[in-house]
Undergrad: 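Here it is: the structure, laid out below.
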Amino acid sequence: MTLYLYNSATRSKQLFEPQNPERITMYVCGPTVYNRVHIGNARPVVVFDTLFRLLKDCYPRVDYARNITDIDDKIMHLAATRGEDIKQVAQRYTEYYVEDMAALNNLTPTLVPLATEHVPEMLDMIARLIDKGYAYNSDGHVLFSVQKMDGYGALSGRSLEHMLAGARVEVADYKRYAGDFVLWKPSAEHEPGWPSPWGRGRPGWHIECSAMAEKHLGETVDIHGGGQDLLFPHHENERAQSCCAHDGKPLARYWMHNGFINIDGEKMSKSLGNFKLVSDLLTQYPGEVIRYVVLSAHYRSEQNFHVELLNAAWRSLDSLYGFLRTANDLDALAVDLKAAAGYKALLDDLNTPIALSELHRLARDMQQATGQRRQQLKYELLGVADLLGLLQQNPDDWFTRARSNDAMAADEIEAAISARQSAKASGDYGTADEIRKNLETRGVILEDSRQGTQWRRG
RNA sequence: GGCGCGGUGGCAGAGUGGUCAUGCAGCGGACUGCAACUCCGUUAACGCCGGUUCGAUUCCGACCCGCGCCUCCA
């Protein structure tokens, strides 16, 4: 078993060698809870959930932390406009987030730390950074001095000169250097805040991840992940804080970043009005279909998202579940999953498109195989699919579960089918076809076979 | 301006120096009372121009086009 991962820090695919094979640690940046999540927010969650599943299969223990940022200026503004407490706002959107992510078959991470519950840890880390000379207090702000750190910018591959050369940053007057970033900032009377040695205030964006990773996973994590856009400044700054607080020890051994999702070739943005909320998509598509679409592209490449993709993914899943339906009564027979091509594809930097293609190959092979081989193929198919978070529901449920409230009830459908059976038996094909056509207009498709008639919702 | 990424068949999307990705869609056929499902067969691609090579979609160079990041957006 050899796992290769692309490390953003070295810009190359590397053999994954954990610090301690008995306990793998992974930290992924979670959401700021101020709105419902869109499909772009869902991509890292699905990607790292898939990695989590793979790691759990390879190692005895995996501690996977995905934080919730529940204190942030965007949350504050929303709370203020609605006359609510930030806690109410954050809690509500956290619940939505959990709900949406669960609908996409994402497992719950081992740890889900909240920023507001780690303020003491952040204050402690900030104090250490000041003691060590990496941070300074200025006018109620505490700032990290990027010039004090050797190799600042190495993660994202940029130098201070280049960063500031073409930058159009307004330099705040409390900064000693334009590239310095905030660890702690003052809160006005009406704003949420916590007491600190530097006055009442709130944490900067980056410090929470450093503090929470340290507390729950230790000074160095094996894998740190997030979206491509977090590489700079967020991860660069996290790395700087942690590294300097820990006397040079690296924050992460492997940095992983997923690419963006575009909508019809354009970046998703509120100004373009083209962002797709997961909750909206879920009203029309099963979560598993959305997950399939996300996994159909390699996580590092850009993905172009549009409605036809969802439809194609749905049909692909129909095909896979169709094979499983015909094997419903078959007992799976265990084989070594790690020998499966789909498993190997995942070990190669999470090549999910190849793994998906293997699902189709396995399903087809299973359909044609007999005896033990058929049972083994079922095991392999379900096993690889499980690593992808797919195909784990009962095929009959997949095909017959009602998608809306006005959908035809199952017993009504069964009654229509037996009426059609009688018509067929008496040679009255006109009536039989009429019944079938009626069902079809109500979203029910019939499939005759020697064993009888099966139905599914189309 | 700085750093980086990508251009593959109708759509999506892997991969490779020399038969095949795969899925969805299309086309032809089998099965079926007719369909659906399934099966068999099949069409179709590697931005442009050079170079290296016996051979390049794959390596090298130029060009064209598209895209991302450069302080709080996954």
Side-chain angles (χ1 to χ4, degrees), chain A residues 8 11 28-32 37-48 69 72-74 146 153 156-159 161-172 175 178-182 204-206 225-234 236-237 257-262 265-270 275 292-293 296-298 300-306 308-320 322-323 325-326 345 351-361 364 367-368 424 427-430 432-433 436-437 440 445-450 453-456 458:
Chain A
S8 305
R11 282 161 209 86
V28 172
C29 293
T32 300
V37 294
H38 54 64
I39 184 70
N41 297 308
R43 169 123 99 149
V45 180
V46 170
V47 164
F48 290 106
T69 300
D72 169 273
D73 286 6
K74 290 189 288 293
V146 297
S156 54
R158 45 194 97 201
S159 66
E161 305 84 78
H162 284 155
M163 256 185 278
L164 299 177
R168 17 74 170 175
V169 200
E170 219 176 294
V171 182
K175 288 188 183 182
D180 292 350
F181 60 89
V182 172
W205 179 32
H206 319 295
Q228 189 70 57
D229 58 324
L230 294 182
L231 185 55
F232 188 87
H234 186 51
E236 190 68 57
N237 291 348
H257 295 93
N258 62 275
F260 269 50
I261 285 182
N262 295 328
E266 285 186 304
K267 183 181 174 177
M268 218 177 335
S269 73
K270 282 184 185 167
F275 60 102
Y292 188 103
V293 170
S296 70
H298 184 85
R300 275 191 283 122
S301 54
E302 249 173 32
Q303 181 169 36
N304 199 14
F305 194 88
H306 46 104
E308 292 79 66
L309 277 187
L310 289 160
N311 295 328
W314 197 334
R315 281 178 228 116
S316 293
L317 281 166
D318 276 345
S319 159
L320 292 168
F323 287 118
R325 200 181 198 185
T326 65
N351 195 330
T352 54
I354 292 286
L356 286 180
S357 76
E358 277 301 307
L359 255 35
H360 289 278
R361 209 211 82 225
R364 220 168 272 284
Q367 180 80 346
Q368 278 159 15
K424 272 174 69 175
D428 182 1
Y429 291 115
D433 287 353
R436 185 173 63 199
K437 194 129 196 262
E440 202 177 325
I445 294 160
L446 301 187
E447 292 173 10
D448 291 340
S449 75
R450 283 175 199 83
T453 299
Q454 278 191 327
W455 62 274
R456 65 186 163 91

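Chain identifiers are assigned alphabetically (A, B, ...) following the order of the sequence lines, protein sequences preceding nucleic acid strands; residue numbering begins at 1 within each chain.
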Undergrad: Of all the choices, B:rA36, B:rU71, B:rA21, which nucleotide is nearest to the side chain of A:Phe181 once you look at every atom?
TA: B:rU71
Undergrad: Output yes when a side-chain donor or acceptor of A:Asn262 lies under 3.5 Å from a complementary backbone atom of A:Gln303, and no otherwise.
TA: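 Such a contact is absent between A:Asn262 side chain and A:Gln303 backbone.
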Undergrad: Only one of A:Arg300, A:Arg43, A:His257 forms a side chain to side chain contact (heavy atoms under 4.5 Å, CB included) with A:Gln228, so which one is it?
TA: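 The residue from A:Arg300, A:Arg43, A:His257 that satisfies side chain to side chain contact (heavy atoms under 4.5 Å, CB included) with A:Gln228 turns out to be A:His257.
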Undergrad: Using both distances under 3.5 Å as the test, list the Watson-Crick or G-U wobble partner of B:rG9, or none.
TA: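 The base-pairing partner of B:rG9, which may sit in any strand shown, does not exist here.
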Undergrad: Minimum heavy-atom separation for A:Leu309 to A:Val293, with atom names?
TA: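 Nearest heavy atoms, A:Leu309 then A:Val293: O-CG2, 3.6 Å.
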Undergrad: So if I take every side-chain heavy atom of A:Tyr429 and compare against B:rG68, B:rG33, B:rC72, which nucleotide ends up nearest?
TA: B:rG33
Undergrad: Looking only at atom C1', what distance separates B:rG66 and B:rU8, rounded to whole Å?
TA: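 So the two C1' atoms sit 15 Å from each other.
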Undergrad: Measuring only the C1' atom in each nucleotide, how far is B:rA21 from B:rU57? A whole number of Å is fine.
TA: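 The same atom, C1', in both gives a distance of 14 Å.
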Undergrad: Could you pull out the closest heavy-atom pair between A:Gly227 and A:Asn258, with the gap in Å?
TA: CA-OD1, 3.2 Å
Undergrad: Distance check, P atoms only: B:rU58 and B:rC46, in whole angstrom units.
TA: 11 Å
Undergrad: Hey, are the side chains of A:Leu320 and A:His360 touching, using non-hydrogen atoms and a 4.5 Å cut-off?
TA: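 Touching, per the 4.5 Å side-chain cut-off.
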Undergrad: Please give the distance between the C1' atoms of B:rG9 and B:rU42 as a whole number of Å.
TA: 14 Å
Undergrad: Partner of B:rG41 by Watson-Crick or G-U wobble geometry, both contacts under 3.5 Å, or none?
TA: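 Result: B:rC27.
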Undergrad: Answer yes or no: is there a donor N or O on one side and an acceptor on the other, between the side chain of A:Ser316 and the main chain of A:Ala312, under 3.5 Å?
TA: yes
Undergrad: Ignoring hydrogens and angles, are the base of B:rG15 and the side chain of A:Asn351 linked by a donor-acceptor pair under 3.5 Å?
TA: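 No.
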Undergrad: How would you label the contact of A:Ile261 with the nucleic acid (heavy atoms, under 4.0 Å): base, sugar-phosphate, or nothing?
TA: base
Undergrad: Does the side chain of A:Gln368 get closer than 4.0 angstrom to OP1 or OP2 of B:rC40 through an N or O atom?
TA: yes
Undergrad: Assign each of A:Gln228 and A:Asp318 to its nearest nucleotide of RNA chain B by heavy atoms, then name whichever residue's nucleotide is nearer the 5' end.
TA: A:Asp318
Undergrad: Minimum heavy-atom separation for A:Cys29 and A:Leu230, please, with both atom names.
TA: CB-CD1, 3.7 Å
Undergrad: Name the nucleic acid region contacted by A:Gly40, choosing base, sugar-phosphate or nothing; use a 4.0 angstrom heavy-atom cut-off, strictly under.
TA: base
Undergrad: Report the nucleotide, chosen from B:rA36, B:rU71, B:rA35, that has the shortest atom-to-atom distance to any side-chain atom of A:Lys175.
TA: B:rU71
Undergrad: Distances under 3.5 Å between protein N/O atoms and the N/O atoms of nucleotides 42-46 of chain B, please, pair by pair.
TA:
none

Undergrad: Quick one: label A:His298 by what it contacts on the DNA or RNA (base, sugar-phosphate, nothing), any heavy atom closer than 4.0 Å.
TA: sugar-phosphate
Undergrad: Can you tell me, in whole Å, how much space there is between the P of B:rG18 and that of B:rG13?
TA: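 That atom pair is separated by 25 Å.
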Undergrad: Would you kindly compare A:His306 and A:Arg436 by the position of their nearest RNA chain B nucleotide and give the one closer to the 5′ end?
TA: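 Mapping each residue to its closest nucleotide by heavy atoms, the 5'-most match is A:His306.
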Undergrad: Hey, does A:Phe323 reach any base, or is it just sugar-phosphate, or nothing, if we go heavy atoms under 4.0 Å?
TA: sugar-phosphate
Undergrad: Less than 4.0 angstrom between a side-chain N/O of A:Asn304 and OP1 or OP2 of B:rA12, yes or no?
TA: yes
Undergrad: Roughly how far apart, to the nearest Å, are B:rA25 and B:rC34 at atom C1'?
TA: 24 Å
Undergrad: According to the Watson-Crick and G-U wobble definitions, with both distances under 3.5 Å, which nucleotide is paired to B:rA35?
TA: none
Undergrad: Tell me whether A:Asp433 is salt-bridged to A:Arg436, with the criterion being a basic N under 4.0 Å from an acidic carboxylate O.
TA: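 Yes, this pair counts.
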Undergrad: Suppose you measure atom C1' in B:rG28 against the same atom in B:rG33; what distance do you get, rounded to whole Å?
TA: 23 Å
Undergrad: Tell which nucleotide pairs with B:rU57, taking only Watson-Crick or G-U wobble pairs whose two distances are both under 3.5 angstrom.
TA: none
Undergrad: Figure out the CG/C1' separation between A:Asn237 and B:rC70, and round it to whole Å.
TA: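 Taking CG of A:Asn237 and C1' of B:rC70, I get 13 Å after rounding.
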Undergrad: Across all strands, who's sitting opposite B:rC48 as a Watson-Crick or G-U wobble pair, both distances under 3.5 Å?
TA: none
Undergrad: Take the protein atom CH2 of A:Trp205 and the nucleotide atom P of B:rC72, then report the distance between them rounded to whole Å.
TA: 8 Å
Undergrad: What's the closest nucleotide to the A:Lys424 side chain, out of B:rA14, B:rC70, B:rG33?
TA: B:rG33
Undergrad: Would you kindly give the CG-to-C1' distance between A:Asn262 and B:rC11, to the nearest whole Å?
TA: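 Value for this atom pair: 16 Å.
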Undergrad: Using Watson-Crick or G-U wobble geometry with both distances below 3.5 Å, tell me the partner of B:rC3, or none.
TA: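 Base partner found: B:rG68.
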Undergrad: Under the criterion side chain to side chain donor-acceptor pair (under 3.5 Å), I'd like the reasoning laid out for A:Gln454 against A:Ser449: C-alpha separation, chi angles, the key distance, then a yes or no.
TA: CA-CA 8 Å; A:Gln454 278 191 327; A:Ser449 75; over 6 Å; no
Undergrad: What's A:Ser301 touching, base or sugar-phosphate or nothing? Going by heavy atoms closer than 4.0 Å.
TA: sugar-phosphate
Undergrad: Take atom P in B:rC48 and the same atom in B:rU32, then report the distance between them in whole Å.
TA: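 The same atom, P, in both gives a distance of 48 Å.
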Undergrad: Quick check: do A:Asp73 and A:Trp205 have side-chain heavy atoms less than 4.5 Å from each other?
TA: no
Undergrad: Can you check nucleotides 22-29 of chain B for protein contacts, nitrogen or oxygen pairs under 3.5 Å, and list what you find?
TA:
residue : atom : partner  : partner atom : Å
B:rG23  : OP1  : A:Arg364 : NH2          : 3.3
B:rG23  : O2'  : A:Ser316 : OG           : 2.2
B:rC24  : O2'  : A:Arg315 : NH1          : 2.7

Undergrad: When the ring planes of A:His234 and A:His206 are compared, do they come out parallel, tilted or perpendicular, using 30° and 60° as the limits?
TA: tilted
Undergrad: Check whether A:Glu440 reaches the backbone of A:Ile445 with its side chain - one donor and one acceptor, N or O, closer than 3.5 Å.
TA: no
Undergrad: Counting the atoms with a prime plus P, OP1 and OP2 as sugar-phosphate, which does A:Glu302 contact under 4.0 Å by heavy atoms, base, sugar-phosphate, or nothing?
TA: sugar-phosphate
